[in-house]
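Report on the structure given below.
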Amino acid sequence: MKEFEELEKTIKYSFKDKGLLSKALTHKSYKKPYSNERLEFLGDAVLNLVVGEYLYKKFPDSNEGELSKMRAGLVNEASFQVLANSIELGRFILLSSSEERNKGRQKASILSDAFEAIMGAVYLESGIDVVRKISLDLIEQEYKNISLDYLLQDYKTSLQEITQALFAEIPEYKLEKETGPDHQKNFEVSIWIDGKTYGSATGKSKKIAQQAVAKIALNKINHGQ
Ligand code: MN
């Protein structure tokens, strides 16, 4: 699969089994007898372990509650979307044409799931040490000063301060979609700053989705995008 070589170069890992890589990139909308859902399931577990171990070692003075909060700040859809974007994963995902028209390549859930699936696939063929190296390199590159304060900060407030300084404007949050039954609702919120969208994110409440999308916008602006 020549088209995936670029991705392998970016993560500095060459898959022995190219079919496994292609499976990890296959969204369930793509009409194949397989999808990346099982690999995503595995990758999710591996990333929880790797990030848990990383925080355990990095913060010897933090208690279990703080470590859990920090891990939740890193192991979530918005964070994985940031990591996925840092390796331009969206370009490589195999999607149906309707999902493509739906801007599927930019969706937090699709990007985050594919990221988890890739890590699940690396784990399967090369083990946890390699996953640890790839994922922690990305985390350290994207999150330069991880701390409890940083991970629990109010992203909406931080972002507003920055956009007021940069654009003399405050971000606008738009509710894109509300799905699911009353007790299990899911909200998709997009963010607009100075007439341009910086992405969208989903969450169990509008507030959670807004925080998640603010985090994404903050990251893009911090990287000059
Ligand atoms: Mn997932």
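Only heavy atoms go into these numbers, but all of them, side chains included; no hydrogens, no water, no symmetry mates.
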Are I162 and F167 connected into the same hydrophobic cluster when the rule is that any two of I, L, V, M, F, W, Y join if their side-chain heavy atoms are below 4.5 Å apart?
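Linked within one cluster.
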Hey, any chance F15 and I128 share a hydrophobic cluster, counting ILVMFWY side chains that come within less than 4.5 Å of each other, even indirectly?
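Hydrophobic grouping puts F15 with I128.
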Heavy-atom donor-acceptor pair, [X] side chain to [Y] backbone, under 3.5 Å:
X    : Y    : answer
E169 : D194 : yes
D17  : L20  : yes
N85  : E88  : no
D44  : E40  : no
E176 : V189 : no
S29  : S96  : yes
R105 : I93  : yes
E178 : K185 : no
Q211 : I208 : no

Would you say [X] and [Y] make side-chain contact, with heavy atoms under 4.5 Å?
X    : Y    : answer
M70  : L74  : no
S200 : Q106 : no
K9   : E6   : no
F80  : V75  : yes
I170 : Q164 : yes
L83  : L89  : no
L39  : L124 : yes
S35  : Y30  : no

Atom [atom1] of residue position [X] - does it have more than 12 heavy atoms of other residues, nucleotides or ligands inside 6.0 Å?
X    : atom1 : answer
F41  : CZ    : no
Y34  : OH    : yes
Q141 : CD    : yes

Of I191, T163, L159, the residue whose pairing with L218 passes side-chain contact (heavy atoms from CB on, under 4.5 Å)
L159
How far apart are the C-alpha atoms of Y143 and N219, what are their side-chain angles, what is the distance that settles it, and do they pass the side chain to side chain contact (heavy atoms under 4.5 Å, CB included) test?
CA-CA 9 Å; Y143 297 90; N219 225 287; 4.2 Å; yes
Verdict with supporting geometry, S109 and E77, side-chain hydrogen bond (donor to acceptor under 3.5 Å, both in side chains):
CA-CA 6 Å; S109 58; E77 200 174 273; 5.0 Å; no
Determine, stepwise, if the pair Q210 / K156 fulfils side-chain hydrogen bond (donor to acceptor under 3.5 Å, both in side chains).
CA-CA 7 Å; Q210 286 178 356; K156 279 180 76 179; 2.6 Å; yes
Lys NZ or Arg CZ of K57 over Y54 ring: under 6.0 Å, within 45°
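Not satisfied by the 6.0 Å and 45° rule.
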Hydrogens and angles aside, do S190 and Y198 bring a side-chain donor and acceptor to less than 3.5 Å of each other?
no
Compute whether any side-chain donor of one residue and acceptor of the other, for T197 and K174, lie under 3.5 angstrom apart.
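No, because no side-chain N or O of T197 sits under 3.5 Å from a partner of the opposite role on K174.
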Partners passing salt bridge (Lys or Arg N to Asp or Glu O under 4.0 Å) against E99 (at least two apart in sequence or in another chain):
K107
side-chain hydrogen bond (donor to acceptor under 3.5 Å, both in side chains) for K18 and S14? Distances and angles first, verdict last.
CA-CA 9 Å; K18 305 299 181 196; S14 176; 3.2 Å; yes
Please list all pairs meeting side-chain hydrogen bond (donor to acceptor under 3.5 Å, both in side chains) that have one or both residues in residues 123-136, counting only residues at least two apart or in different chains.
Y13-E125, Y13-S126, K16-S126, E53-R132, D129-R132, K133-D137
